[in-house]
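Everything on this sheet refers to the single structure shown next.
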Amino acid sequence: MPIATVDPTTGETRRTFEPLTAEETGRRIALARRAFEEHRALGFARRARLLERAADLLDEDRDSIARTMTTEMGKPITAARAEAAKCARAMRWYAAHAPALLADEHPSAADTEDSGAARIVVRYRPVGVVLAVMPWNFPLWQVVRFAAPALMAGNTALLKHASNVPQTALYLEELFRRAGWPEGCFQSLLVGSGAVEAVLRDPRVAAATLTGSEGAGRAVAAVAGDEVKKTVLELGGSDPYLVMPSADVRRAADTAVTARVQNNGQSCIAAKRFIVHTDVHDAFCERFTEGMRALTVGDPLNEATQIGPLATEQGREDLEALVDDAVRRGATALTGGRRPPGRGRGWFYEPTVLTGIRDTMRIHREETFGPVAAVYRVADAAEAVALANDTPFGLSSSAWTRDEGEQERFARDIEAGGVFFNGMTASHPALPFGGVKRSGYGRELSAHGIREFCEVTTLWYGPAGEREP
Ligand SMILES: O=CCCC(=O)O
């Protein structure tokens, strides 16, 4: 894939970029490693001021960077602005909380008395240069939620962003530079995916974090495993959205629309499989379908647009193939199921609701990355859980029920990194984020996210003894 801005609304190539040579990439790795020596010594207070400054600049740039994102990957402009605002909030959150999250720990004397130490300290030290391989769907947020904690911990960062969001990648490098970060603390590597292995094998690179497809995650994890380097992987998701008879069905259906189509349906934590109890199935479907049909599809730069084009032509073809396969095997489209007419060369797809899903259909196993919902009818909670878990993925989930017994059961049995009750899954700086099964491992955000990029170091001090006279 060339490194280029290709506008998904028109299919037009706006800008192309030459990839860095191997030599230039090597120079940047060297710079990142040198910068680490200076950066780790800066201290939390100084790093927090730099991160707050970056947040202020991002707030000032909100409109222009939102336009860049929308032009590069097609998200509605209102969502792009909201993404930029969320990034600034996360930066401020880590600036405020990192010192406490990474404060030295002092195991109790009672627990450690037999270790022979006079004093023990557990310290979180930065790992060094971290390579981040990031996707295009939230081109700012995916990077900031790694970079804010990683930088606050004292690491330096190399970003290999998706090839279709190069201007956003360059903006991020510029943002951290303008905020005053020492040169080399945050750099974007405009390289193709073929260059990732060499960067990761470089001894000056300590660890990697990847958000993206299962295939990309497996490739990076294999190299990192071979090099014995730590990785955090946030991969695909096919999140279940359970609706039980005790739920507020109208609210569940209205929220389901947002949960499915946020970011044009291209979010790893979007609800994708709607598992609805038979008692409320028809009422849910009716309102959900109405909501999906009423969405405004169009130019993502228009303020009123709710659904823009998919980010890539291939993405639309993949989505279309999943829907066509399901319909061919007997699924019914209650709405959508095709490209909207009259949308020219843009990569649009109609908001779609499918029922009658069977386990022989591809859509039952694969992630739908676009505004397509698969609705299932179930007889009871046991069937709902079994269906929720009948997927290789386990990123997050939502469960709509006011029955506390059912809530406990879902909290225990749903195989996912999160269960959101009576609401939709959303990421938040203070909440751990990540999955189980093929959705990856490790956690982003919260205390867990910042500690992923630290070495937990035991400092053991023996009794000092008497000085020689
Ligand atoms: O694509 C996954 C990330 C979505 C989010 O953090 O809101």
Side-chain angles (χ1 to χ4, degrees), residues 66 69 72-76 78-91 93-94 132-150 159 161-162 164-165 168 172 209-217 232-241 255 257-273 308 310-312 315 318-319 366-372 391 393-398 416-420 423-446 448-450 452:
M69 285 193 278
E72 293 205 299
M73 50 66 69
K75 71 171 62 208
T78 48
R81 280 195 215 104
E83 180 175 339
K86 181 172 179 173
C87 289
R89 281 200 302 278
M91 287 174 172
W93 192 86
Y94 271 111
V133 181
M134 290 292 149
W136 46 260
N137 64 340
F138 292 89
L140 268 190
W141 171 241
Q142 301 279 20
V143 178
V144 166
R145 74 166 163 203
F146 140 74
L159 168 65
H161 217 327
N164 57 337
V165 289
T168 309
L172 280 156
T209 177
L210 177 140
T211 299
S213 69
E214 194 188 324
V232 171
L233 298 182
E234 197 258 274
L235 309 178
S238 188
D239 287 4
Y241 188 99
T255 307
V257 176
T258 313
R260 178 54 285 207
V261 304
Q262 53 174 319
N263 210 38
N264 300 340
Q266 303 164 122
S267 171
C268 48
I269 48 164
K272 289 167 189 149
R273 296 174 301 128
L310 297 186
T312 65
D318 293 346
L319 186 71
E366 296 177 37
E367 179 175 20
T368 45
F369 223 53
V372 172
T391 168
F393 299 110
L395 193 51
S396 191
S397 61
S398 297
V419 187
F420 283 62
M424 61 179 257
T425 295
S427 55
H428 183 283
L431 303 181
F433 184 95
V436 303
K437 298 179 6 187
R438 294 210 179 164
S439 290
Y441 52 73
R443 291 291 176 268
E444 298 187 277
L445 301 172
S446 76
H448 298 277
I450 195 167
E452 295 280 7

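Quick note: residue numbers are just sequence positions, from 1. Just so you know, these numbers come straight off a predicted model, no measurement behind them. Indexing begins at 1, ligand by ligand and atom by atom, following the structure's order.
Residues Arg145 and Thr209 have side chains that never bring a donor and an acceptor to within less than 3.5 angstrom of each other.
Separation of atoms CZ (Phe433) and SG (Cys268) is listed at 4.5 Å; rounding is to 0.5 Å.
Considering all non-hydrogen atoms of both residues, Leu172 and Leu140 come closest at CD2-CD2, 3.6 Å.
Protein residues having a heavy atom under 4.0 Å from any atom of ligand 1 are Asn137, Phe138, Trp141, Gln142, Arg145, Ser267, Cys268, Ile269, Ser427, listed by chain and number.
Under the side chain to side chain contact (heavy atoms under 4.5 Å, CB included) criterion, Ser238 pairs with Lys272, Arg273, Thr391, Phe393, not counting sequence neighbours.
With Trp136 as the partner, the side chain to side chain contact (heavy atoms under 4.5 Å, CB included) test is satisfied by one option alone out of Lys75, Gln266, Met69, His161: Gln266.
Put simply, the side chain of Leu210 reaches to within 4.5 Å of the side chain of Leu235, judged on heavy atoms.
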